[in-house]
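One-based numbering along the sequence shown.
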Amino acid sequence: MSTTVTEEPPLLRLPGFRNLFLAGAVSQLGSQISYVALPLLAVTALGAGAGEVGLLAALGTLTVLLLGLPAGAWVDRVRRRPVMIATDLLRAAVLLSVPLAWWGGWLSMGHLYVVAVLTGAATLLFDVASYSLVPALVGRERLTAANTLLVGTGAGMDVAGRSAAGVLAQVAGAPVAILLDALSYLWSAAWLRGVPEPRPARKPAAEPMGGQIAEGVRFLFGNPILVTALLQGTMANLAFPLCSVLLPVVLVQGLGLPEWVLGAYLAAGGLGVLAGSSSAHAIGRRLGTGRAAWLASLVTTPAAFVVPLLSLGGAWVWASAAAWFVLTFRTGLNNVLLVSLRQRVTPDAMLGRMTATMRLLLTGALGAGGLLAAAVGELWGAGAALALGAAIMALSWLPYVRSPLRHEP
């Protein structure tokens with residue numbers, strides 16, 4: 001007696017997931033264009049200095065740190081698709097105000113600071129809702145494949161958007177680049193209208209938000225798989241700014257190399273993330289999700305020790321760039337595998353709080369890494385910051401050693 005096996009349709013043939021994918025791909029491209037165009041506009045149109053540009057970049061991170069936990073608890077109380085559409089429309093309106101203000105002659109740094117805060121808050125809510133919605137659209141057994149597609153496409157859009165932004169700003173001007181980003185969010189909102197979503201299991205109205213936040217934090221720290229993913233991600237996020245923030249100082253100021261070398265070095269990192277995220281599903285399926293994540297962290301450890309050799313100049317610059325590609329490949333791989341594991345082990349009613357708590361702590365590690373890079377670089381030089389970042393990165397496989405995550409399929 002033969003048994004008929006029904007093959008699952010490709011992910012992009014699932015209407016809900018396809019719409020989410022198309023919405024995110026174009027808006028991610030637009031976001032990376034604004035990532036370059038906003039500070040460029042501040043410098044060229046308003047004469048902003050390093051402190052003002054630094055504050056503009058920091059405001060988005062500060063927003064995540066301030067609103068991360070309440071955002072997760074709130075998203076778990078409501079339907080996620082309306083939240084995503086509303087935040088897309090908010091970002092479109094806020095960004096549209098920038099070229100209008102520039103053309104009207106009343107653009108100011110205060111205006112750009114407000115834009116950074118509002119878009120940072122909207123992006124936080126959108127991302128928490130989006131990550132929480134994916135399991136309902138594809139099923140938990142297909143999360144790795146879905147995240148490979150989403151994260152891989154996002155990494156590709158990061159590379160393409162940042163590469164195109166400079167050219168677009170040169171040809172058409174930074175305000176036009178920002179206008180295109182605003183339009184990308186309208187595109188996203190239109191596609192999200194076709195994404196289905198079951199109603200969430202609502203919490204009793206009398207339950208305070210503080211109790212829900214505490215419940216989410218207890219859940220995360222009570223799950224050994226989530227704790228391992230958090231520790232590994234925290235170490236990596238602390239190390240990456242140490243290895244990258246001072247690259248302009250080392251390459252351009254210290255070694256006297258042209259700016260295009262810095263761009264090529266950073267592009268190697270973007271391509272590494274793209275390659276790692278694109279291959280994550282195949283590697284995870286062959287080795288098992290947890291085993292692939294920890295082996296990737298262990299096997300790529302030697303590359304971390306090559307990165308600081310950048311300061312020697314000559315051929316070591318390109319050897320360091322190759323090592324940076326290897327490390328960012330691991331990052332792209334882990335971004336897919338560990339996010340999929342996090343979604344798989346978390347109940348639907350807890351997804352928003354888990355995602356927001358993770359995002360808060362991992363973003364905090366990035367911020368701490370940037371501050372540590374500045375302090376170490378000021379006291380002992382940029383080379384010392386690179387060496388410290390390499391040491392932390394080299395040790396970031398240790399959280400896996402006694403963790404059950406290693407055996408997750």
Side-chain angles (χ1 to χ4, degrees), residues 61 144 147 151 155 220-221 223-247 266 268-270 272-277 279-280 283-284 287-310 319-342 345 357-373 375-376 383-408:
T61 300
T144 303
N147 285 317
V151 176
L220 192 160
F221 285 98
N223 187 302
I225 291 174
L226 295 179
V227 169
T228 301
L230 174 62
L231 290 174
Q232 194 280 331
T234 298
M235 294 181 73
N237 281 10
L238 188 65
F240 265 98
L242 284 160
C243 293
S244 61
V245 165
L246 300 179
L247 285 175
L266 294 174
V273 174
L274 176 60
S277 56
S279 59
I283 294 174
L287 299 177
T289 303
R291 188 163 181 256
W294 90 266
L295 282 177
S297 295
L298 181 61
V299 169
T300 57
T301 293
F305 296 109
V306 180
V307 170
L309 301 179
L310 167 74
S320 177
W324 189 242
F325 173 90
V326 171
L327 293 177
T328 55
F329 177 93
R330 182 184 81 177
T331 297
L333 186 78
N334 280 346
N335 281 350
V336 172
L337 297 177
L338 296 183
V339 166
S340 300
L341 273 178
R342 282 156 40 185
V345 303
T357 306
M358 277 280 189
R359 189 182 179 100
L360 170 71
L361 296 172
L362 294 177
T363 300
L366 279 174
L371 293 174
L372 190 57
V376 173
L386 290 174
L388 178 60
I392 296 172
M393 188 71 72
L395 297 173
S396 63
W397 58 272
L398 288 176
Y400 294 115
V401 172
R402 299 180 64 84
S403 172
L405 186 148
R406 289 174 51 182
H407 308 293
E408 281 292 309

Who pairs with P224 by side chain to side chain contact (heavy atoms under 4.5 Å, CB included), at least two apart in sequence or on another chain?
P404
Smallest heavy-atom separation, G269 atom then T328 atom, equals O-OG1, 3.1 Å
Using the side chain to side chain donor-acceptor pair (under 3.5 Å) criterion, which residues pair with S403? Sequence neighbours excluded.
T228
Just wondering, do L405 and L226 contact through their side chains at under 4.5 Å, heavy atoms?
no
Listed by chain and number, what are the side chain to side chain contact (heavy atoms under 4.5 Å, CB included) partners of A319, not counting sequence neighbours?
V306, W316
Excluding sequence neighbours, so at least two apart, what forms side chain to side chain contact (heavy atoms under 4.5 Å, CB included) with L230?
L220, F221, T234, M358, L361, L362
Locate the shortest heavy-atom distance separating A268 from F325; write the atom from each residue and the value.
O-CD1, 3.4 Å
Could you list the donor-acceptor pairs under 3.5 angstrom formed between side-chain atoms of residues 288-295 and any protein atom two or more places apart in sequence or on another chain?
residue, atom, partner, partner atom, Å
T289, OG1, P409, O, 3.1

Can you give each donor-acceptor pair under 3.5 Å made by side-chain atoms of residues 386-399, sequence neighbours left out, with the distance rounded to 0.1 Å?
residue, atom, partner, partner atom, Å
S396, OG, R330, NH1, 3.4
S396, OG, R330, NH2, 3.0
S396, OG, M393, O, 2.8
W397, NE1, A394, O, 3.0

Does G332 offer a backbone N or O that forms a donor-acceptor pair with the side chain of S277 under 3.5 Å?
no
Check whether any side-chain heavy atom of F329 lies under 4.5 Å from a side-chain heavy atom of W324, and answer yes or no.
no
S320/V307 under side chain to side chain contact (heavy atoms under 4.5 Å, CB included): CA gap, chis, key distance, verdict
CA-CA 5 Å; S320 177; V307 170; 4.1 Å; yes
